> 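The structure's right below; bear with me while I get my questions together.
What you see is a predicted model, and the numbers here were worked out from it, not measured in a lab. First listed ligand is number 1; within each ligand, the first listed atom is number 1.
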Amino acid sequence: MGVPFTFLHATDLHLDSPFRGLTRVPPAVRERLRESTFASFRRLMELVRREKIDFVVLAGDLYDAADRSLRAQLRMQRTLTELAEDGVQVFVVHGNHDPENGWKAKLDWPRTVRVFGSRDVESFPAYRRDGELAAYVYGISYPQSNVTDNLAARYRVRPGAPFHLAVLHANVDGNPGHDDYAPCRLAELRAAGFHYWALGHVHDRRVLHEYPHVVYPGNIQGRSMRETGGKGAYVVRVSETGRIEMEFRDTADVLWLEKTASIEGMEREQELKNLLVRLAEEARAEAAGRPVVLRIRVEGRGVLHERLQRDTAAAEWLEELREWCGSPDEADDWVWADSLLVRTGALTPGTDEEDENGFLGVLSRIGREAAGDPDGSRRLLDDALGQALRHAKLREWSAARTGPEREELIGRALELAALLLRDKEGR
Ligand SMILES: [Mn+2]
């Protein structure tokens with residue numbers, strides 16, 4: 001029997017992420033994004049104070065780069081010092097983005113901040129604000145960014161506490177979207193005897209298991225179109241009998257959202273225009289007062305497809321969409337339309353029957369065969385590109401396109417070719 005307590009499980013703060021890819025955004029958008037990791041972190045810490053959370057665990061990648069930005073370290077120091085004044089302990093492991101061997105400013109940290117070393121798994125007692133022992137917290141930091149051994153295998157429960165909380169930056173079950181650092185299996189985490197694995201590294205929110213809990217809260221602020229939707233951390237309440245209740249708190253300062261517009265059944269541009277405006281408004285409403293970086297993906301088969309294939313069509317729609325959304329300089333809850341991807345198809349795929357033995361028919365047949373035959377398509381491509389493949393970048397690009405992506409590309413290429421040829425014939 002333990003005592004009830006509450007902790008915050010946050011990770012992957014990536015403070016001071018540079019958002020380098022965004023070179024062509026208005027200054028207002030860029031500046032807001034530059035501050036967004038700090039803003040989300042500040043909100044989380046306000047929440048700790050407001051909700052009387054007993055202690056905080058941070059599961060790695062607090063900073064974005066091994067050479068941690070000074071600005072990020074100073075802000076971290078200030079925030080953790082405020083928490084210390086409230087009697088809130090903070091437990092920190094470092095991950096692949098902020099390993100121990102990176103540059104650190106020499107700063108004084110409050111005694112209530114426990115940073116786990118990288119030699120062994122250590123454990124420390126965690127207390128409620130009133131001083132009662134709540135749990136043991138275990139952890140180990142990355143000595144350098146590239147950690148390929150199984151760190152989880154080194155965690156051992158030591159007797160003496162009612163609750164055992166393991167903090168770890170790791171890739172569980174080989175998530176292919178992330179570097180395979182500190183690889184381990186869900187099965188071994190479940191069997192290790194801990195009550196809660198507070199994980200970091202994977203930027204999506206995932207509860208892999210309950211009792212014992214194995215949890216990725218994801219990062220606290222989206223940093224690209226691969227990190228869409230609400231971002232934040234879990235408030236975890238543990239009852240005296242060990243029952244666990246988790247509440248996700250979305251503290252992201254800027255939302256990244258992707259919306260899909262289907263042209264299916266559309267006859268006129270006006271319909272697409274109405275839909276794009278509606279999607280932008282939906283995004284604004286979803287963000288509830290926060291700014292949004294929006295991508296629209298135009299999909300589906302329909303008669304508008306051909307017009308959308310023209311050189312500048314996507315760019316023209318995007319420009320128009322930005323006009324409707326308004327300038328980011330004018331409001332705090334701006335919607336910045338970052339991109340508009342056209343992934344539509346013709347109403348009837350392929351070619352007409354009468355064309356089957358014509359140029360287009362033959363081209364289409366070769367293309368379809370190539371799509372289903374990786375070796376064949378490679379030969380075709382090598383043939384077609386010839387000299388161009390001497391260029392290292394092109395070679396790399398062509399080799400990287402495999403499987404379904406390759407098939408989709410070939411499909412789109414065929415439709416585009418058919419369109420261009422029909423244009424030439426004046427049909
Ligand atoms: Mn990370």
> Measuring centre to centre across the rings, with the benzene-like ring taken for any Trp, is F163 within less than 6.0 Å of H195?
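Aromatic pair counts; centres sit under 6.0 Å.
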> Would you find a donor on one side and an acceptor on the other, under 3.5 Å apart, between the side chain of D12 and the backbone of G218?
no
> The Mn ion (ligand 1): which protein N, O or S atoms are under 2.8 Å away?
D12 OD2, H14 NE2, D61 OD2, H203 NE2
> Testing R32, Q221, R290 for side-chain hydrogen bond (donor to acceptor under 3.5 Å, both in side chains) with D253, which one passes?
R32
> Among side-chain atoms of N171 and H178, is any donor-acceptor pair under 3.5 angstrom?
no
> When the side chains of residues 326-333 are checked against the rest of the protein, which donor-acceptor pairs come out under 3.5 Å, sequence neighbours left out?
residue : atom : partner : partner atom : Å
S327    : OG   : D329    : N            : 3.0

> Going by atom types alone, do S40 and T251 pair a side-chain donor with an acceptor below 3.5 Å?
yes
